[in-house]
Novice: 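Handing you a structure now.
None of these values were measured; they are calculated from a predicted model.
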Number of protein chains: 2
Amino acid sequence: MSNESGMNYAPKGRPNKVCKEGEFIFAAVGLDHGHIYGMSNGLIEAGAQVKWVYDPDPEKVAQYIKAFPQAKAARSEDEVLSDNSVNMIASAAIPCDRYAIGLRAMDAGKDYFTDKPPLTTLEQLQQAKDKVKATGKKYAVYYSERIHVESAVFASQLIEEGAIGRVIQVIGMGPHREGKGRPDWFYDKKRFGGILCDIGSHQIEQFLYFTGAEDAIIQNARVANYNHKNYPDFEDFGDVSLLADNGATGYFRVDWFTPDGLSTWGDGRLFILGTEGYIELRKYTDIARDPEGDQVYLVNNEGERRFPVRGKVGYPFFGALILDCLNRTENAMTQEHAFKAAELCVKAEELAQQVEK
Amino acid sequence: MSNESGMNYAPKGRPNKVCKEGEFIFAAVGLDHGHIYGMSNGLIEAGAQVKWVYDPDPEKVAQYIKAFPQAKAARSEDEVLSDNSVNMIASAAIPCDRYAIGLRAMDAGKDYFTDKPPLTTLEQLQQAKDKVKATGKKYAVYYSERIHVESAVFASQLIEEGAIGRVIQVIGMGPHREGKGRPDWFYDKKRFGGILCDIGSHQIEQFLYFTGAEDAIIQNARVANYNHKNYPDFEDFGDVSLLADNGATGYFRVDWFTPDGLSTWGDGRLFILGTEGYIELRKYTDIARDPEGDQVYLVNNEGERRFPVRGKVGYPFFGALILDCLNRTENAMTQEHAFKAAELCVKAEELAQQVEK
């Protein structure tokens, strides 16, 4: 931002494809979570091709091919891993299984791109770190609530331009709709990793990212099962207070209490407080005002502004990730950052006090 | 709410005067904080008369009389306290001095109504409690951000009607504008009590009130001086995580970072999460949408709704307080609740980690 431009902040425009047809090939392995569709879309829009899809459940494979007819059903994971033309394995398996697919992918010489949470224990984290070191491959993570949300992308541009000064605090709210027909693993903490590890991982990643921190301490963490007593291993609520290594503070709440009457799956909010102003994101809807999400509110010394940015900024993460894989750079997200967010969400879950069972 | 009424929640209408002319007389003693005007207005609108005003600073007295010409300047606090027609002493002295005025008021046989925070140390709290017990008088507190905010009053009506089920969490944000020309005591922690004690007291009171809790634990508390290094005894940021005795959780942030461009003094928000829905209050403005505050957002299983309630619900606290004083009841707020909020805000301040100086 030039000082002259005053309130003339504006979205920078959607990014283009970063590579030519055939330059970057990926395969989808593990389709347990619907995020695999967002991951695939993001990659394809940025120039990638999907060649293979594999899951033990043929129904999930058929559904994937309906969305991406260019993908071929593989007979086994091995068939995918042994194809030297494949650059990347993308996976949205059950959270506790994600690391194992990643280890095999990296052993086969491929970069790995997993849904969040990327893993569910510190032992898995150590194995993933060791494998990255041994193979030189990437263990990238789809922290979708920042990288695949245009309002969050625009917020990072505003902060870079100095619109709110030094970032001193981030508050996140990540309510989610439980909905009907969730699979068994959804209610089994051992498999989904706990609410702070699972949907909390978005929040911790955002906190590190928007504060520009390299590390943070979990100062307080809580989980609860307030209203799902029939699922004793479920957590329907969690919250965490964080302190970053640069002095910034953070707090977030995640929960499964999205009411049926909300127009979308969750009223995700983010409040970024700076010394010179603040930003609020109404990511997925602007309740009782505008069902279109990606509304960015900026208040600073120049006034109050609303930026409806849906369709205007795109998702630069995916193109940057493809280029990182092709050029062995780290512009989309550093490996250290991706692992640090994973580490903190596992630690938050381990430290959490269960305030109601 | 009847189940038939569906979404037909509606404000209940403004309360009327509760007593006749001359039945309830108060005096304003200690005018350091502008809240004395809100306190006086609230009482007068509910039927009280102001008879006296006293402050050591004649300028503050003159200003008060300009707003309330019916008030007579007293020559001393004693002149006020010795007037048997006075039912109540209202005070917005410097926070650390508020309890002492209260003790003298109760000793003189009067109820006391103080601005928040009502006191700044646990020793003061014990003295106030002892005096209440010894005299049978009231030590009422002006927790204005709930009792003098129509959206907060309406929220309590919605909760009572069951609009969001069981309240399981409250998140509050209480940013304030520092502004220019603040007195010395504003920057001196010994006198204002610390940010968690001062503006945090509103938040703790709200948390106890909206969760229906009788007590709570401070699980994490932080203060910081991020951007006022020239005032080393100041705190420009604070936050707290609370756990109520009924299992509900709470978090709040308070700060002095309201940007110059905001249309009002602070973008106070409250998010009340229930098992069946949630309520958001945009108390003083609805940024970049509507400069009129008192906007209540309700999302539950029936849909999303916005209620602009300014001018529609009034402030039942004041009439209830007058009647409590006349009838020796506790309908406006129990003494225990007022003291519990005070206790927790002092404890939060004592426990707080200073994350940046």
Side-chain angles (χ1 to χ4, degrees), chain A residues 7 164-166 168-169 171 173 175 219-222 224 226-227 236-237 239-241 243-244 246-249 251-253 255 257-263 267 269 271 273-278 280 285-291 295 297-307 353 355-356, chain B residues 7 164-166 168-169 171 173 175 219-222 224 226-227 236-237 239-241 243-244 246-249 251-253 255 257-263 267 269 271 273-278 280 285-291 295 297-307 353 355-356:
Chain A
M7 294 291 280
I164 61 167
R166 172 188 167 197
I168 54 176
Q169 209 223 12
I171 294 179
M173 300 183 202
Q219 294 201 304
N220 192 56
R222 306 184 284 205
Y226 281 121
N227 208 33
D236 58 20
F237 177 93
D239 70 353
V240 172
S241 288
L243 177 61
N246 60 11
T249 58
Y251 171 81
F252 70 83
R253 177 189 89 201
D255 66 76
F257 285 107
T258 291
D260 290 348
L262 190 78
S263 66
D267 184 10
R269 302 280 187 100
F271 296 82
L273 177 66
T275 50
E276 309 295 327
Y278 63 96
E280 177 184 354
T285 186
D286 199 341
I287 50 167
R289 287 282 192 187
D290 190 343
Q295 306 275 349
Y297 290 80
L298 168 67
V299 183
N300 61 14
N301 294 329
E302 294 167 341
E304 305 173 9
R305 282 204 60 185
R306 177 172 69 91
F307 301 88
Q353 175 189 359
V355 298
E356 182 164 318
Chain B
M7 293 291 280
I164 61 167
R166 173 188 166 196
I168 55 178
Q169 208 221 14
I171 294 179
M173 300 182 203
Q219 294 201 304
N220 191 55
R222 306 184 283 207
Y226 281 121
N227 209 32
D236 57 22
F237 177 93
D239 70 353
V240 172
S241 288
L243 177 61
N246 60 9
T249 58
Y251 171 80
F252 70 83
R253 177 188 91 202
D255 67 75
F257 285 107
T258 292
D260 290 347
L262 190 78
S263 66
D267 185 9
R269 302 278 189 100
F271 296 81
L273 178 66
T275 51
E276 309 295 326
Y278 62 96
E280 176 184 354
T285 186
D286 198 341
I287 51 167
R289 288 281 191 189
D290 190 342
Q295 306 276 346
Y297 290 80
L298 167 68
V299 183
N300 61 14
N301 294 328
E302 295 167 342
E304 304 173 9
R305 282 202 64 183
R306 177 172 70 90
F307 301 88
Q353 175 189 359
V355 298
E356 182 165 319

Novice: Checking Gln219(B) side chain against Asn220(A) main chain: does a donor-acceptor pair fall under 3.5 Å?
Specialist: no
Novice: Examine the side chains of Arg289(B) and Tyr297(A) and answer whether a donor and an acceptor come within less than 3.5 Å of each other.
Specialist: yes
Novice: Would you mind telling me which of Asp260(A), Val355(A), Asp267(A), Thr258(A) has the largest number of heavy-atom pairs within less than 4.5 Å of chain B?
Specialist: Asp260(A)
Novice: Do the non-hydrogen side-chain atoms of Met173(A) and Glu280(B) ever get within less than 4.5 Å of each other?
Specialist: no
Novice: Quick check on Arg222(B) against chain A: is it the side chain, the backbone, both or neither that has a heavy atom closer than 4.5 Å?
Specialist: side chain
Novice: In terms of heavy-atom proximity below 4.5 Å to chain B, should Ile171(A) be classed as side chain, backbone, both, or neither?
Specialist: side chain
Novice: Between Tyr251(B) (side chain) and Phe252(A) (backbone), is there a donor-acceptor pair under 3.5 Å?
Specialist: no
Novice: Would you give the length of the straight line joining atom CG of Asn227(B) to atom CZ of Arg166(A), rounded to the nearest 0.5 angstrom?
Specialist: 8.0 Å
Novice: Can you name the closest pair of heavy atoms from Asn246(A) and Glu356(B) and give their distance?
Specialist: O-OE1, 4.3 Å
Novice: Give me the atom names and distance for the closest heavy-atom approach of Thr249(B) to Tyr226(A).
Specialist: CG2-OH, 3.3 Å
Novice: Tell me, for Asp255(B) versus chain A, whether the close heavy atoms (under 4.5 Å) come from the side chain, the backbone, both or neither.
Specialist: side chain
Novice: As a test of understanding, state which of Pro259(A), Ser263(A), Pro291(A) forms a side chain to side chain contact (heavy atoms under 4.5 Å, CB included) with Glu304(B).
Specialist: Ser263(A)
Novice: Roughly how far apart are Leu262(B) CG and Asn301(A) CG, rounded to 0.5 Å?
Specialist: 10.5 Å
Novice: Top residue by heavy-atom pair count (under 4.5 Å) with chain B, among Leu243(A), Thr285(A), Leu273(A)?
Specialist: Leu273(A)
Novice: Is chain A contacted by the side chain of Ala248(B), its backbone, both, or neither, given a heavy-atom distance below 4.5 Å?
Specialist: backbone
Novice: Grab the two heavy atoms, one from Phe257(B) and one from Thr275(A), that are nearest each other, plus how far apart they are.
Specialist: CD2-O, 3.8 Å
